[in-house]
Amino acid sequence: MKYVSTRGGIAPVGFTEAVLMGLADDGGLLVPEHLPQLSDETLEAWRGLSYQNLTLELFSLFTGDGLPRADLKALIDESYATFRHPEVTPVRRLTDDLYLLELFHGPTFAFKDVALQLLGNLYSYISQQTGSVIHILGATSGDTGAAAIAGVSGKAGVKICILYPEGKVSRVQQLQMTTNHDQNVLNLAIDGTFDDAQRIIKELFGDLAFKGRYHLRAINSINIVRILAQITYYFYAYFRVAEQNPGAKIAFSVPTGNFGDLFAGYLARRMGLPVGRLMLATNENDILVRFVQGGEYRPAAFRGTYSPSMDIQVASNFERYLYYLYGEDAIRVRGLMDKFRANGFLSVPSADQERVQADFAAQSVPNQVCLDTIGQTYSEARYLLDPHTACGVAAAQTLAAPGEITIALATAHPAKFGEAIALAGLEQTVPAQIEALFGLPQREQRAPATGEAIAERLTVFFGAASDAAQLHEEVLEGERDPVSG
Ligand SMILES: *Cc1c(COP(=O)(O)O)cnc(C)c1O
């Protein structure tokens, strides 16, 4: 399988190169040259596969001969052995027409683990196979950073720097990052929002000389592996729920920020999974909902909410969707993205808007409704939702059509968001792994939200290391400030 850019400006690259390239060299995003199409017979044959084997079948369509099947199988098995549930992503029935797809059984209790355990192992594998240096640079609204660090911590040949918005992630999210003291991990708390962090890393990845000199690799969902690894659970959940409800129409509701998770569902549908509607649920940061409803994609002021991992204005995967909306016409996408950059917004004509509305139903969930949904679901079903999942459930309740069954993606464990659960007036038992974080010392460095300030720190952290074998031995030269409390 080859990968091309949504902006059409690069020659097609193979799987390994696509993983390493992250952001396409022309500033676009990588997408598969062709989307595999699955027949009914194939779907039938895959129905009973374990999560791991289903991932193997799906993923090998995208690696092609870029990765030997036996190696891929070993990577997948290793990645999902860290999950606490034998089914990896089990499905739970909440009511007759609402199921939850629990995606939080990985090491950091959020769905990001599903893709980042695999990507972490893949990076380490590629580093060993090719002798390449892997220096990861990522931005996080909270969960990606923790999951990426958990995915590569202690692995040979890999160093990681994570930017996150100071004071805008939950306590547990911060602790999961800052209590990791591996010398291959650098946490940078920036004085800004997640959008600032994402803009900075896109700038640094866009500076090809800098990217090349420091071997920068991506773990954000600009990396296509993130998306591909998330396709599996749409199939897996669909098979489970369809089995219990023969002939039913099945929709998904997805708490959305950067649009990576929902976009994976969109690809699953394009590949032939017969899902019905895809519901796009946001919190008060509703740029995508406004786009679906009004055809205009225009960032608004940042709103702090109870679901910080979705406090995002500019959704990077949106560009991948535009690519498919416009029939894989890269020239058109490039034009739209140029307009977005020049004017600060973009809009699509009303005929296209109808197609968008055929692809997605969308709902923005106000802060209070999020808390009310947590309270209500607990009192009716004795199930404690985290605030992100609550947005998806609230949207499903509003958008549900008669006779339709919805699978709402449960993207995080409530213990990660104790602040919101307390505000909803509920108590919870916190898993021991999370409880333990509170007693540990933290390490982080603060930085202004500018490209230069971050580049300076990366120059020290990633230094001149060019030999993957040495990387692991290397001593960190940059001082990291211990932060108490
Ligand atoms: C990242 C995240 C989301 C949003 O996923 P996107 O792929 O960015 O749309 C939702 N919920 C939780 C808990 C997350 O960590």
Side-chain angles (χ1 to χ4, degrees), residues 29 89 100-116 119 138-150 162 164-165 168-170 172-174 176-177 194-195 197-198 219-231 233-234 252-267 278-283 285-289 291-292 305-321 360 362 364-365 370 374 385-395 408-421:
L29 295 169
T89 65
L100 287 176
L101 169 54
E102 291 184 341
L103 300 173
F104 52 72
H105 295 288
T108 69
F109 294 81
F111 89 93
K112 306 290 201 301
D113 288 321
V114 177
L116 284 165
L119 183 54
T140 187
S141 54
D143 289 327
T144 293
I149 290 170
I162 295 292
Y164 67 91
K168 296 188 179 65
V169 300
S170 85
V172 172
Q173 288 177 320
Q174 179 171 344
Q176 283 178 333
M177 295 187 279
F194 171 76
D195 290 294
Q198 180 151 270
I219 40 84
N220 282 96
S221 53
I222 55 178
N223 193 312
I224 188 69
V225 170
R226 285 279 303 277
I227 310 293
L228 301 180
Q230 289 166 187
I231 292 175
Y233 48 71
Y234 285 91
F252 282 92
S253 178
V254 185
T256 295
N258 232 339
F259 199 53
D261 205 2
L262 184 58
F263 184 72
Y266 174 76
L267 289 187
L278 294 173
M279 300 173 185
L280 187 165
T282 68
N283 59 29
N285 295 286
D286 63 349
I287 180 170
L288 290 166
V289 174
F291 172 74
V292 172
T305 72
Y306 303 125
S307 46
S309 302
M310 290 152 57
D311 287 347
I312 293 174
Q313 288 294 327
V314 181
S316 64
N317 286 287
F318 180 65
E319 180 169 343
R320 286 192 169 110
Y321 173 63
F360 303 108
S364 154
V365 177
C370 170
I374 294 173
L385 302 171
D386 99 283
H388 303 76
T389 307
C391 290
V393 167
L409 272 56
T411 50
H413 190 288
K416 284 196 94 162
F417 304 97
E419 296 91 338
I421 303 304

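Throughout, residue positions are numbered sequentially from 1 according to the sequence presented. Indexing begins at 1, ligand by ligand and atom by atom, following the structure's order.
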Give me the pairs of N or O atoms, one from ligand 1 and one from the protein, that sit under 3.5 Å apart.
| unit_1 | atom_1 | unit_2 | atom_2 | d |
| --- | --- | --- | --- | --- |
| ligand 1 | 7 (O) | G260 | N | 3.1 |
| ligand 1 | 7 (O) | D261 | N | 2.9 |
| ligand 1 | 8 (O) | N258 | N | 2.7 |
| ligand 1 | 9 (O) | G257 | N | 2.8 |
| ligand 1 | 9 (O) | N258 | N | 3.2 |
| ligand 1 | 9 (O) | F259 | N | 2.9 |
| ligand 1 | 11 (N) | T411 | OG1 | 2.9 |
| ligand 1 | 15 (O) | K112 | NZ | 2.6 |
| ligand 1 | 15 (O) | D143 | OD2 | 2.4 |

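- Ring geometry for Y266 versus F360: interplanar angle of 30 to 60°, hence tilted.
- Not less than 6.0 angstrom separates the ring centroid of F263 from the ring centroid of Y321.
- Not counting sequence neighbours, the partners of K416 by the salt bridge (charged side-chain N to carboxylate O under 4.0 Å, His left out) test are D143.
- Here the side chain of S253 pairs a donor or acceptor atom with the backbone of G392 at under 3.5 angstrom.
- Ring to ring, Y306 and H388 are not that close: their centroids are 6.0 angstrom or more apart.
- Between the side chain of D386 and the backbone N or O of T389, at least one donor-acceptor pair lies under 3.5 Å.
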